Amino acid sequence: MIALIVDAASWGFLVTGSFLVVVGALGLVRMPDFYTRLHPAGITDTLGTDLILTGLMLQAGFTLVTVKLFLIGAFLFFTSPTSTHAIANAALVAGLKPRYATIPPRPEGAGAGKKDAR
Amino acid sequence: MFTATAAALLAAMILALIRLYAGPSLYDRVLAANSFGTKTVLLIGVMGFLTGRPDFLDIALLYALLNFIGTIAVLKFFRYRTLGDALEQKNAPEKREAGR
Amino acid sequence: MESAINVALLLFLAGTAFSILRRTTLFSVVMLSGVFSLVSAALLVHLDAVDVAFTEAAVGAGVSTVLMLSTLSLTARHEAPSTRSRAIPLIVVFLTGLALVYGTLDMPRFGDPDAPIHGHVVPRYITGTATEIGMPNIVTAVLASYRGFDTLGETTVIFTAGIGVLLLLAGTIREPGVAEKLTAMDHHLVLRVVTKLLIGPILLFALYVQFHGDYGPGGGFQAGVIFATAFIIYALVFGLGTASRALPGRAVRVLLALGVLIYGGVGLVSFFFGKNYLDYSVLGPTAAAGQHIGILLVEFGVGMTVAAVMVSTYYAFAGQNPPIGDEEW
Amino acid sequence: MDLRDAFGLFNYWMVIVLMMTGLYIVVSRGNLVKKIVGLNIFQTSVFLLYISMGKVSGGTAPILTGKPEVFSNPLPHVLILTAIVVGVATTALGLALIIRIKNAYNSIEEDEIQKQDLAAENAEGDGRTTR
C-alpha cells in the first residue's frame, strides 16, 4: 500500500516536472526577446528540475543514489540562477536593450528593435 | 514512466537546440546552452534509471557543479577584457562607453 | 527507447557540428563546441562508457571552454570571410566519406557480442579484474595495472604538452600586480558568494573522484581536471593574483613534474623486489593488496600532473597582455 | 543489405558524418581557432567510433556488481579516457601557438599569414639578387 502511494507520488512528480521542462523549453523558443526568454529558461527549469529529481528520489528509496540526486538538486539550485544572473548582467552591460520596455527608451537607445534583429 | 520523462527531456533538448542554432544574439546562445546543460544532467539521471543501474549519477553531479563556469567565463571575458563591446556587432561606440 | 535516445543524441551532434560550420562569430562557435561536448558525454553514458563520459564531462564542462574564451579575448572574435573555393574541399570530404562508408559495410554490426574486438585479451581483463586486482571498476584496473605502460606514456604526453604551453607563453606573461587589478570581478557579489560556496564541494568531489575511482567511475585523469577547474573558477572570480597566492605558479610547476615522477617511481620500486616494471603485486602483503596500493599511488601521480598542467596552462593564458589593437575588433 | 543491417551501421555512419564535418572545417576555413574546433569535432567522432565498437547489446557498464552480467568492452574505454585528457592538453598547446602567431603576425587568418610570409620571402629574395 505504502509502496503504491510512493510510486504514484513519484510518477506525479515526474509527469509534472517533464511538463514544466517542456513548457520552459517552448518558452525559450517562443518568447520575443532575450530578457523575456530568461524567465522560461531560468524559473521553470529550476522547478521542473527539482520535481523530476524528487520523482527519481522516491523511486530510488533510501540509498546513496538518493543522496547524489539530492546533491544534484542542491547544486543546480545554486548554479542555475547564478548563471542566469550572470548572462543577464553580461547582456545588460554590453548594451543589449529590452525589446518591449514600458519606459520609453532614451534617444540613443532608439534602435532597440534593430539591435534585436541581428 | 522513465521513458515518458526521457522523451519529454529529449523534446525539450530539441527546443533548446533550436534557440541555440537560431540565436539571434550571443546571449541567447549562452542561455540556450546553459538550459541545455541542465536538461542533459536530468537526461543522464533518467538514463541511469532506464538501464537499471542508477549508480552512475556522478557525471550528472559533475555537470551540476561545473556547468556554470562557462557562463562566468563569458561574463568575464566580455566585461573585463573586451571593453564591453557588444558581440556580433562592430562599430558601436555608445555601447563601448556603457561597458566601462 | 534505448535506440531512440541513441539516434536523437547522434542527430543533436550532427546538427551542432553543422551549426559550428556555419557560424562566423567565434564566441558562438565556442559555446556550440561546449554543447557538442555535453551531448557527446550523454551519448557516452548511453554507450556504457561511464568512465569516458566522466572524463569528457570534466574536460568539456569548464576547462576547454575557458581556454578557448581566453584565446579569443587575446586574438580575434570574428572569422574573416573566406575567399577560397568551397568546391575542392567539399569533393575531397565527400570522396573520403564515401570510402569510409564503404569500409563500414564489412564491419560487425553495432552491439554484436561476437565482434572480433571483444576477443583477444578482453575476456582476460574482465575475468581477471575480480581475482587478480580485486576491484570492481574494470576500466581503472586495465588503465592503471594491465596497461600501466600506456598510461605512463599518456601522462608523459600531457606533461610534455604542459611544458610546451609554458615554453610558448612564459615569456609574455605580464607583471603580477597589473594582472591582479585587471582580472578580479569585484562588483559581482552574487558570483563571489556562490563561488565561495561551491569551491569547497568541488574540491571534495575531486577527492571523492580521485579515491573512489576503484569502485565507481573516476580516477586520476578526471579528478585532476576537476581540481584544476576549482582553481580556475577561483582565479576567474577573485583574480589571478589572489589565486596565485593560494597556489603559486612555482608550486604548480613542481607538482607538474612530481606527478610523473611518482608514477615512474612506483614502477622503479617493483624493480627492487625483483619484479617487472609497474608490477604492483609486491607492494602489499598480498598480490591483490599490492595492486590496490600501486593503483592508488599511480592514479595520485596522474591526478597531480593533470591538475598541474591545466592550472599552469590557465595561469599562462590569463596572464597574457591583451593585444594592443583593440579597435580593429 | 536489409534494414536491420543499415540500422546496425547507423552509429558508424553518423560518426563518419561528424568526422567529415570536422575535416571540412579544418580544410575549408582559414581561421585558426575554427580549425582547432574542427579538429576537436574530428577527435570526438573518433572517440565515438571506438566506443560504439565496444558496445555489446544488452551489456552494461564495465563495473563489477558481484552478479554475473554481460559487460561492454572496457578496452576502448581505457584508450579513449586517456585520449580525451591528452586531447585537451594538445588543444591548449595549439591555442598557445595561435596566441604567439597573433603576436607575431597580428592575424589568425591563414590567408593573411601566408600573404605576410610570402611578402617577407620576396623581400628577402630581392635583397639577395641585388647584392
Side-chain angles (χ1 to χ4, degrees), chain C residues 10 13-14 17 20-21 26 29 33 40 44 47-52 55-56 59 63-64 67 71 74-76 79-80 82 86 89 93 97 100-101 104 107 109-111 113 117-118 122 125-126 130 136-139 142-143 147 151 154 157-158 161-162 164-165 168-169 221 306 309 313 320, chain D residues 5 8-9 11-14 16-18 20-21 23-25 27-31 33-34 37 40-41 44 48 51-57 59-64 71-75 77-78 80-82 84-86 88-93 95-100 102 106 108-109 111:
Chain C
L10 279 168
L13 280 179
I20 289 175
L21 176 66
L26 294 174
V29 169
S33 80
S40 65
L44 290 169
L47 294 173
D48 295 341
V50 277
D51 271 283
V52 186
T55 320
E56 181 69 47
V59 168
V63 174
S64 57
L67 290 183
T71 311
L74 292 167
T75 54
E79 185 187 357
S82 180
R86 296 270 163 89
V93 163
L100 285 172
V101 168
T104 61
M107 276 174 78
R109 298 298 176 260
F110 177 69
I117 188 175
H118 305 310
V122 173
Y125 290 155
I126 292 177
N137 191 346
I138 305 174
V139 175
V142 177
L143 177 94
R147 303 188 75 88
T151 311
E154 306 271 17
V157 172
I158 294 166
V165 171
L168 279 169
L169 295 181
F221 285 97
V306 170
V309 167
T313 305
Q320 293 294 303
Chain D
D5 267 7
L9 293 173
N11 266 48
Y12 304 135
W13 290 347
M14 285 309 287
I16 290 170
V17 168
L18 290 176
M20 289 305 114
T21 313
L23 184 66
Y24 182 72
I25 293 175
V27 176
S28 72
R29 300 296 140 122
N31 186 292
V33 174
K34 195 134 177 202
V37 174
N40 279 343
I41 292 177
T44 308
L48 288 175
I51 301 296
S52 294
M53 290 198 293
K55 168 82 180 169
V56 177
S57 304
T60 177
I63 295 177
L64 303 174
F71 296 108
S72 284
N73 194 336
L75 192 55
H77 299 183
V78 175
I80 299 311
L81 193 164
T82 51
I84 288 176
V85 184
V86 170
V88 79
T90 46
T91 301
L93 191 63
L95 293 173
L97 275 172
I98 291 176
I99 292 174
R100 291 307 299 265
K102 166 78 178 181
N106 202 25
I108 58 166
E109 298 289 335
D111 299 344

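Keep in mind it's a predicted model, so treat the numbers as computed, not measured. Proteins get letters first, then strands, A, B, ... in listed order; numbering begins at 1 in each.
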Q: Locate the shortest heavy-atom distance separating Tyr12(D) from Phe110(C); write the atom from each residue and the value.
A: OH-CA, 4.0 Å
**Q.** Region of Val93(C) that comes under 4.5 Å of a non-hydrogen atom in chain D
**A.** both
Q) Between atom CD1 of Ile117(C) and atom CE of Met53(D), what is the distance when rounded to the nearest 0.5 Å? A) 4.5 Å
**Q.** Under 4.5 Å from any heavy atom of chain C - which part of Ile16(D)
**A.** side chain
Q. Heavy-atom distance under 4.5 Å between the side chains of Leu67(C) and Thr91(D), does that happen here?
A. no
Q: Identify which of Leu48(D), Val37(D), Ile99(D) forms the greatest number of heavy-atom pairs closer than 4.5 Å to chain C.
A: Ile99(D)
**Q.** Ile41(D) versus chain C, the contacting section by heavy-atom distance below 4.5 Å
**A.** both
Q) Who passes side chain to side chain contact (heavy atoms under 4.5 Å, CB included) against Ile126(C), sequence neighbours left out? A) Val122(C), Ile138(C), Phe71(D), Pro74(D)
Q: Below 4.5 Å from any heavy atom of chain D, which atoms of Thr313(C) appear? Answer side chain, backbone, both or neither.
A: side chain
Q: Pick whichever of Gly97(C), Ser64(C), Gly164(C) has the most heavy-atom pairs under 4.5 Å with chain D.
A: Gly97(C)
Q | Residue part contacting chain D, namely of Val157(C), when any heavy atom lies under 4.5 Å | A | side chain
Q | Euclidean distance, Leu47(C) CG relative to His77(D) NE2, rounded to 0.5 Å | A | 8.0 Å
Q. So, do Thr71(C) and Lys102(D) sit near enough that their side-chain heavy atoms are less than 4.5 Å apart?
A. no
(Q) As an exercise: rank Ala96(D), Ala89(D), Ala92(D) by heavy-atom pairs under 4.5 Å with chain C and give me the winner. (A) Ala96(D)
Q: Any chance you could lay out the side chain to side chain contact (heavy atoms under 4.5 Å, CB included) test for Leu75(D) and Arg147(C), step after step, and finish with the verdict?
A: CA-CA 10 Å; Leu75(D) 192 55; Arg147(C) 303 188 75 88; 3.6 Å; yes
Q: For Asp48(C) and Gly59(D), work out which heavy atoms get closest and say how close.
A: OD2-O, 3.2 Å
Q | Polar side-chain atom of Lys55(D) near backbone of Ala49(C) as donor-acceptor pair, under 3.5 Å | A | no
Q) What part of Leu93(D) gets closer than 4.5 Å to chain C, counting heavy atoms only: side chain, backbone, both or neither? A) both
Q: Could you tell me whether the side chain of Ile80(D) reaches within less than 4.5 Å of the side chain of Leu44(C), counting heavy atoms only?
A: no
Q. Once you round to the nearest 0.5 Å, how far does CD1 of Ile84(D) lie from OG of Ser40(C)?
A. 7.5 Å
Q) Between Val63(C), Val52(C), Val59(C), Thr151(C), which residue shows the highest count of heavy-atom pairs closer than 4.5 Å to chain D? A) Val52(C)
Q.
Within the 4.5 Å heavy-atom criterion, are Val85(D) and Ile158(C) side-chain neighbours or not?
A. yes
Q: Quick one: which of Ala14(C), Pro89(C), Ala161(C) has the most heavy-atom pairs under 4.5 Å with chain D, could you say?
A: Pro89(C)
Q: Determine the option with the most heavy-atom pairs under 4.5 angstrom with chain D, choosing from Pro136(C), Ser33(C), Ala17(C).
A: Pro136(C)
Q.
If you define the side chain from C-beta out and look only at heavy atoms, does anything of Leu21(C) sit under 4.5 Å from Arg29(D)?
A. yes
**Q.** Part of Val17(D) lying under 4.5 Å from any heavy atom of chain C
**A.** side chain
Q | Which portion of Val27(D) sits near chain C, non-hydrogen atoms under 4.5 angstrom | A | both
Q: For each of Leu143(C), Leu100(C), Leu10(C), Leu13(C), tally heavy-atom pairs with chain D at distances under 4.5 Å, and name the one with the top tally.
A: Leu10(C)
Q) Backbone N or O of Leu81(D) within a donor-acceptor pair of the Asp51(C) side chain at under 3.5 Å? A) no
Q) Which heavy atom of Glu154(C) sits nearest a heavy atom of Val86(D), and at what distance? A) OE1-CG2, 3.2 Å
Q | Top contributor to chain C interface from Thr60(D), Thr90(D), Leu23(D) [non-hydrogen pairs under 4.5 Å] | A | Thr60(D)
